[in-house]
Participant: 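For reference, the structure I am asking about is given below.
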Amino acid sequence: MMDSSSPVRRSDNGDSGPSVVGVLARGVVLVVVLPFRLAWEVLAAVGRGLYRWVLAPTGRFLDRWLLRPLGWLLQHLIWIPLLWLGRAAVWLWQTLVWLPLTWLWQGLVWLWHNVLWPPLRWCGRGLAWLFHTLLVVPLYYLVWVPVTWLVRVLTPVLQQVGRWLVVLGEHLGAALSWAWWASGRILWWCWALTLRPLWLATRWLWRNMVVPVGRAIRAVWRFTVVAPARWLRTSVLEPVGREIRETLYALGLLR
């Protein structure tokens, strides 16, 4: 009979040996987790060694022999001179520029308020009083008041005259319209009854009598006068003239 310290225990149902799930879990741990665990331990050991023997000494060396000297040089050769230069520039600006400009501005303000502005104010008030007294008041009493009174008095008269003019314009417009219409009708009747028949008759006479008669006269003139005259000139006068000129040239009477 086995004791309780034996690695192999019996189950409640009497089966001996480890369960299948436990065996599979141990196999997964051995196959999957253990390699990653070993890799992590190796990387941690390498990292600690690299930090202890490489990175930390390199950092201390750079801090002691490069960064601290460089910081000291930057502080004493650049930052402190720039700081003193800035303070000197601020002092020069405040002393040589800002304070004189401030005093000048205060002096100009005092000069404006105590020297220039009171005379200008009194001059402005005097000019305003003169303008109101010599120009506004006379214009008001000499122009505005009479014009206002005339407008009040003449407004009813002008309104009545305007009404009369409107009525007169309406009647005049109606009369002119009727006269225009009547003159148009009269002119149309004159054209239709007298001028148009006369124009048609004149055009018919011109086309059917004057033009044919003119053409006949032109034809008769060409056959009775122009053609014989042309024949006489070309057949009689020009040959006779040439013979006479030649005879005169031959006799020496014409050169």
Participant: Check whether Trp129 and Leu134 end up in the same hydrophobic cluster, where Ile, Leu, Val, Met, Phe, Trp and Tyr are linked by side-chain heavy atoms less than 4.5 Å apart.
Facilitator: yes
Participant: Distance under 6.0 Å and angle within 45° of the ring axis: does Arg203 meet both against Trp206?
Facilitator: no
Participant: With rounding to the nearest 0.5 angstrom, report the CH2 to CG distance, Trp122 to Leu127.
Facilitator: 13.5 Å
Participant: Hydrophobic side-chain clustering at under 4.5 Å (ILVMFWY, transitive links): who's grouped with Tyr141? Put none if nobody.
Facilitator: Val137, Tyr140, Trp144, Val145
Participant: Could you check whether any side-chain N or O of His132 sits under 3.5 Å from a backbone N or O of Ala128, counting only pairs where one atom can act as donor and the other as acceptor?
Facilitator: no
Participant: Do Leu82 and Leu70 share a hydrophobic cluster, counting only Ile, Leu, Val, Met, Phe, Trp and Tyr and linking them when any side-chain heavy atoms are less than 4.5 Å apart?
Facilitator: yes
Participant: Heavy atoms, side chains only, cut-off 4.5 Å: are Phe131 and Val136 in contact?
Facilitator: yes
Participant: Surrounding CZ of Arg121 (heavy atoms of other residues, nucleotides or ligands, distance under 6.0 Å), is the total greater than 12?
Facilitator: yes
Participant: Is there a path of hydrophobic side-chain contacts, each under 4.5 Å between heavy atoms of I/L/V/M/F/W/Y residues, joining Trp188 to Ile186?
Facilitator: no
Participant: With distance as the sole test, does Asn208 use its side chain to make a donor-acceptor pair with the main-chain N or O of Trp204 at under 3.5 Å?
Facilitator: yes
Participant: So, using salt bridge (Lys or Arg N to Asp or Glu O under 4.0 Å) as the criterion, who are the partners of Glu41 when residues are at least two apart?
Facilitator: Arg37
Participant: Within this structure, what is the CZ-CZ distance for the pair Arg230 and Arg222, rounded to the nearest 0.5 Å?
Facilitator: 9.0 Å
Participant: Let me have the donor-acceptor pairs involving side chains of residues 84-107, under 3.5 Å, with sequence neighbours excluded, atom names and distances please.
Facilitator:
| from | atom 1 | to | atom 2 | distance (Å) |
| --- | --- | --- | --- | --- |
| Thr95 | OG1 | Trp91 | O | 2.7 |
| Thr102 | OG1 | Trp98 | O | 2.6 |

Participant: Rounded to the nearest 0.5 Å, how far apart are CG of Leu165 and CD of Glu170?
Facilitator: 11.5 Å
Participant: In this structure, would Val213 and Val211 fall into the same cluster of hydrophobic residues linked by side-chain contacts under 4.5 Å?
Facilitator: no
Participant: Supply the atom-to-atom distance Leu237 CG to Arg242 CZ, rounded to the nearest 0.5 angstrom.
Facilitator: 10.5 Å
Participant: Validate the cation-pi geometry between Arg218 and Trp221: distance from NZ or CZ to the six-membered ring centre under 6.0 Å, angle to the ring axis within 45°.
Facilitator: no
Participant: Given side chain to side chain contact (heavy atoms under 4.5 Å, CB included), test Leu77 with Trp72 step by step and report yes or no.
Facilitator: CA-CA 8 Å; Leu77 296 181; Trp72 184 88; 5.5 Å; no
Participant: With a sphere of 6.0 Å drawn around NE2 of His76, does it hold more than 12 non-hydrogen atoms of other residues, nucleotides or ligands?
Facilitator: yes
Participant: Treat each ILVMFWY residue as a node, draw an edge where side-chain heavy atoms are under 4.5 Å apart, and state whether Val151 and Val143 are in one component.
Facilitator: yes
